[in-house]
Number of protein chains: 2
Amino acid sequence: MFMQNKPSNFINNTVKCESCSLVHVCLPSGLSSSEMSLLETSIDKTTKINKKETVFKANDEIEGIYAVKSGALKTSISNRDGQEQILEFHLPGDMLGFDAFNQGIHTCNATALEDTLLCKIPIETFDSLCEKLPGLRRELRHQVGKEIAHNQSLLLSLGQQQTDERLATFLLKMSDHYKSRGFSSNEFVIPMPRQDLSNYLGMAVETLSRIISRMTESGLIKMDRRVVSIMDLEKLQALAHSSC
Amino acid sequence: MFMQNKPSNFINNTVKCESCSLVHVCLPSGLSSSEMSLLETSIDKTTKINKKETVFKANDEIEGIYAVKSGALKTSISNRDGQEQILEFHLPGDMLGFDAFNQGIHTCNATALEDTLLCKIPIETFDSLCEKLPGLRRELRHQVGKEIAHNQSLLLSLGQQQTDERLATFLLKMSDHYKSRGFSSNEFVIPMPRQDLSNYLGMAVETLSRIISRMTESGLIKMDRRVVSIMDLEKLQALAHSSC
DNA sequence: CGGGAAATTGATGACTTTCAAGGTGTGTGG
DNA sequence: CCACACACCTTGAAAGTCATCAATTTCCCG
């Protein structure tokens with residue numbers, strides 16, 4: 001059918017960073033091997049979060065920085081009225097926890113979309129390692145820059161695009177993501193239900209469903225539940241107004 | 001009438017950080033006096049940007065980190081199709097430039113809304129200072145955290161709120177901002193035209209104008225061009241669904 | 001004081017949400 | 001292994017929100 005998105009170390013959750021299939025996209029990617037081994041001694045690689053459970057919540061004090069090994073998470077914020085906005089989906093290799101950098105308090109919730117394995121670096125350890133390792137500081141900046149860029153891109157989408165353009169943009173981003181990790185860019189499985197995706201894209205679930213139907217009829221895509229097939233890349237790109 | 005938003009050092013643009021009226025909100029706020037003086041020697045305090053000119057553009061290589069001394073800027077991104085989204089307005093004391101942290105390349109444009117004075121720290125200097133000064137690293141993280149929090153908040157607004165709720169949220173944020181800097185929270189001047197504000201809030205100019213009219217009729221606010229008066233704080237907060 | 005940008009207002013139509021109903025798939029317990 | 005319950009997803013109809021086009025007014029700058 002199509003490639004699974006599970007990394008090979010799904011079972012062995014204490015694999016070394018240098019042997020981890022995610023090493024090139026994860027925090028250690030820019031570190032020297034000596035830096036990596038120093039970092040490695042401080043990583044708790046045993047954190048498991050069950051589906052629908054949270055890694056942290058808004059107003060929690062920061063405990064650490066996390067990297068997703070397998071599974072998937074969403075981060076979201078809400079206001080007093082209960083309005084909620086999903087900010088980002090975190091796939092294997094993605095980092096999270098930077099939202100607490102301002103006050104040491106998390107501003108968002110991180111919830112598992114499926115059973116998820118994490119690497120955790122306690123914040124104190126992380127801080128002291130940053131003192132010692134210039135490479136880690138650089139990597140931190142890259143990761144933070146990525147997060148800022150992601151937010152900016154989503155703002156553009158929510159602020160200026162129509163609903164169908166938003167979905168097209170999202171699908172192209174996912175396609176690129178999987179492609180960059182060696183998976184198929186035409187067929188992939190997204191980890192979130194319609195409800196979460198529609199919230200992320202700032203529209204009603206029904207609207208999302210209708211768009212999917214329309215885009216399927218037009219021969220742009222197929223979406224069977226969470227299995228996405230991109231049928232006409234060029235048209236999809238034209239719809240998204242971007243090269244991605 | 002109401003207090004001007006010009007800091008007292010508008011003319012003297014080479015005032016020392018410790019004497020600057022913005023010291024408590026700017027980068028040096030968490031530094032010791034020795035750290036501050038070390039930082040100070042590396043700051044170029046003479047950068048002046050005229051209205052409608054840019055500090056940097058998307059795809060520019062990062063030159064430095066900036067702090068707004070007086071005036072105001074907007075940062076914005078756009079895609080191939082020319083769709084543009086304003087990401088943030090930067091008022092005196094705000095920092096910018098972190099968007100280039102991922103690749104060393106700016107992802108957004110920074111444009112002056114009015115004649116603006118900036119403090120500039122060349123990126124190489126900034127990097128090497130970060131090596132030496134733990135306090136600066138901490139401050140950097142705070143500033144970056146603030147930026148992330150701002151983006152998250154705007155995402156919630158664009159993704160989940162109606163147009164009038166978005167404006168209410170924005171006005172309350174501005175009110176809080178000026179209040180925290182010792183200005184009136186009921187009457188203040190915003191630095192951007194309707195066009196920019198409507199773009200920022202993800203709506204058409206006409207829609208913004210209509211909302212203002214409606215909210216004026218309801219006795220919530222008054223807005224004479226850029227002069228904002230908050231007439232009924234509680235109703236405004238209720239509309240925004242938040243305490244801010 | 002005049003020209004032009006900025007802002008407001010009105011009419012219309014497109015897009016999106018909401019409410020409602022029905023369909024599809026999955027997982028669990030008998 | 002089947003059946004049922006439930007969550008997830010889709011579709012339809014109606015209503016509401018917002019954008020667009022157009023015209024007008026207001027204000028600012030030279």
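Naming convention: chains lettered A, B, ... in sequence-line order (proteins, then strands); numbering from 1 in each chain.
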Separation of [N] [atom2] from [X] [atom1] (nearest whole Å):
X        : N      : atom1 : atom2 : value
A:Leu167 : C:dT16 : CG    : C1'   : 15 Å
A:Arg210 : C:dG22 : CZ    : C1'   : 13 Å
B:Arg225 : C:dT8  : CZ    : P     : 7 Å
A:Ile212 : D:dT11 : CD1   : C1'   : 13 Å
A:Met223 : D:dT11 : CE    : P     : 13 Å
B:Asp196 : C:dA6  : CG    : P     : 9 Å
A:Arg214 : D:dT10 : CZ    : C1'   : 13 Å
B:Leu208 : C:dT9  : CG    : C1'   : 14 Å

OP1 or OP2 of [N] sitting under 4.0 Å from any side-chain N/O of [X]?
X        : N      : value
B:Thr207 : D:dC18 : no
B:Ser209 : C:dT9  : no
B:Gln195 : C:dA6  : no
A:Arg194 : D:dT10 : yes

(Q) Using a heavy-atom cut-off of 4.0 Å across all strands, would you classify A:Thr163 as base, sugar-phosphate, or nothing? (A)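 Here A:Thr163 touches the backbone only, sparing every base.
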
(Q) So B:Glu206, base contact, sugar-phosphate only, or nothing? Heavy-atom distance under 4.0 Å. (A)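 Base contact.
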
Q | Side-chain touch B:Glu53/B:Thr111, heavy atoms, less than 4.5 angstrom | A |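 No; the side chains remain at least 4.5 Å from each other.
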
**Q.** Side-chain heavy-atom pair B:Leu239, B:Asp164 within 4.5 angstrom cut-off
**A.** yes

Q) More 5' along DNA chain C: A:Ile211 or A:Asp224, using each one's nearest nucleotide? A)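 Its nearest nucleotide lies further toward 5', so the answer is A:Ile211.
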
Q. Does B:Ser213 or B:Lys52 map to a spot on DNA chain C nearer the 5' end, using the closest nucleotide for each?
A. B:Lys52

**Q.** Aromatic ring proximity, centroids under 6.0 angstrom, B:Phe183 and B:Phe188
**A.**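 Centroid distance B:Phe188-B:Phe183: not below 6.0 Å, so no.
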
Q) Do you see a donor-acceptor pair shorter than 3.5 Å between the side chains of B:Ser218 and B:Lys235? A)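 B:Ser218 vs B:Lys235: no donor-acceptor pair found between side chains.
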
Q | Flag, side chain of A:Gln160 to backbone of B:Glu84, donor-acceptor distance under 3.5 Å | A | yes

